[in-house]
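Numbers here are sequence positions counted from 1. Just so you know, ligand 1 is whichever comes first in the structure, and atom 1 is the first atom listed for that ligand.
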Amino acid sequence: MKVYSKISALQEHIAYLKSEGKTIGFVPTMGALHYGHISLVSSAISQCDITVVSIFVNPTQFNNVDDLSNYPRTLEADINLLSEINCDIVFAPDVEEMYPEKSVTIDLDLGNLADVMEGKFRPGHFSGVVNIVSRLFECVKPDKAFFGLKDFQQVSVIRYMTNYFHLPIEIIACPTLREASGLAMSSRNTRLSASQKEDALIISKSLILAKELASKNTPDSVKNKITDFFQKGNLVLEYFEIVNPVTLESLEGDWVSGATACIVAYCGEVRLIDNMELI
Ligand code: PAF
């Protein structure tokens, strides 16, 4: 496995691989890898000749400085893990490499996609995501890029950006991996104590309950019932929304196919995100 920290060296190697007719699969990550990431890498390995994983904690997508400084960084362990599972290339640049002084910032109008949920509670987050992902795409020039559906809204934003700039990249959305308990796998879970992990199960329980309720209730009524249910637990709810899976508009009276419940809650200081398709 090759490990690059410089864009020029990575691009040179990728250009060579492309000249040999190899297809490139790309899994962008912020490191602290868990099985959810590994499943994305496995999908890339099974669908492409060469798999590239980037590890970069992108400062511009954090709207909270503590969240950025507390974000787990385990580069050495991540590289070892990737080499064990036959990843071909790791790209682990530093901040100066990705954001040189004279870099141009993309200002893409994401409309409603960036106004709701994560966009509403994390101002500037998606602008940071769009900027780093487009830079990484430019470095790696993948044929296919793999993203986890746990970040449901992020997948919509990346698809929009890819279509908007006519990038010849297929975006593959992969299902959320869960611990046996139901907790969605996340790098942030490493910051939870054993008892917090128990408390955090209210998130997946709420989603499962929402799915059960969906057949006999309107979206609005499911939302109210889940908000009440959530108050029985120890987490602080930031939002629970039921949205149209394409426009991300909040559903009220009527269901649409693929309606998805999206939830964010704080477990102590740790912000946890999850979602589930209801219909
Ligand atoms: O999903 C993530 O881990 C990040 O948002 C991404 C796509 C790697 C961009 O920094």
Side-chain angles (χ1 to χ4, degrees), residues 4-5 7 10 24-41 43-44 51-64 67-75 78-79 81-82 87 89-99 103 105-106 108 110 113-114 117-119 121-140 142 144-162 165 167 169-177 184-191 262 264 270-275:
Y4 293 102
S5 59
I7 295 172
L10 171 76
I24 311 287
F26 178 42
V27 182
T29 81
M30 298 206 296
L33 303 181
H34 51 71
Y35 282 112
H37 295 113
I38 300 308
S39 79
L40 299 180
V41 177
S43 300
T51 295
V52 182
V53 174
S54 65
I55 299 176
F56 179 67
V57 181
N58 174 35
T60 66
Q61 70 188 78
F62 286 81
N63 57 315
N64 175 326
D67 196 21
L68 173 60
S69 58
N70 289 327
Y71 202 85
R73 288 163 170 86
T74 56
L75 184 60
D78 292 343
I79 290 175
L81 182 57
L82 290 169
C87 170
I89 299 174
V90 173
F91 178 47
D94 62 18
V95 174
E96 288 69 35
E97 187 69 6
M98 291 317 290
Y99 294 105
S103 56
T105 302
I106 295 171
L108 176 63
L110 295 162
L113 294 186
M117 301 193 288
E118 294 303 275
F121 286 94
R122 302 181 72 188
H125 169 67
F126 286 124
S127 167
V129 169
V130 161
N131 272 277
I132 193 60
V133 173
S134 63
R135 279 163 206 232
L136 290 167
F137 280 178
E138 187 56 37
C139 299
V140 177
K144 296 186 181 189
F146 298 78
F147 292 85
L149 269 173
K150 185 169 79 67
D151 293 304
F152 182 75
Q153 192 171 1
Q154 172 170 274
V155 174
S156 303
V157 166
I158 301 292
R159 282 196 199 285
Y160 182 87
M161 178 196 86
T162 309
F165 291 119
L167 302 178
I169 302 171
E170 192 182 341
I171 304 300
I172 315 270
C174 302
T176 303
L177 252 67
M185 289 190 186
S186 162
S187 304
R188 288 189 168 88
N189 292 354
T190 57
R191 293 174 57 203
C262 300
V264 166
V270 185
R271 188 174 188 274
L272 298 172
I273 185 166
D274 202 352
N275 65 80

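Scanning Met98, Gln61, Met30, His37 for the heavy atom closest to atom 9 (C) of ligand 1 points to Gln61. Nearest residue to atom 6 (C) of ligand 1 from Arg135, Lys150, Gln154, His125 is Gln154 (criterion: closest heavy atom).
Salt-bridge formation is not detected for the pair Arg73/Asp78: no Lys NZ or Arg NE/NH1/NH2 atom is positioned less than 4.0 Å from an Asp or Glu carboxylate oxygen.
For the pair Arg122/Asp67, a side-chain contact is recorded, criterion being any heavy-atom separation below 4.5 Å from C-beta on.
The Pro28 neighbourhood of ligand 1 comprises atoms 8 (C), with distances under 4.0 Å to a heavy atom of that residue. Close approach of ligand 1 to Ile132 is summarised as follows: ligand atoms under 4.0 Å from at least one heavy atom of the residue are 9 (C), 10 (O).
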- Arg271 vs Glu118, salt bridge (charged side-chain N to carboxylate O under 4.0 Å, His left out): CA-CA, chis, key distance, verdict: CA-CA 11 Å; Arg271 188 174 188 274; Glu118 294 303 275; 2.8 Å; yes
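Aromatic ring centres of Phe26 and Phe146 lie farther apart than the 6.0 Å criterion allows.
Only the backbone of Thr29 comes within 4.0 Å of ligand 1, counting heavy atoms alone; no side-chain atom from C-beta on gets that close.
Summarising the geometry of Thr51 relative to Cys87, their closest heavy-atom pair is O-SG, 3.7 Å, with the distance given to 0.1 Å.
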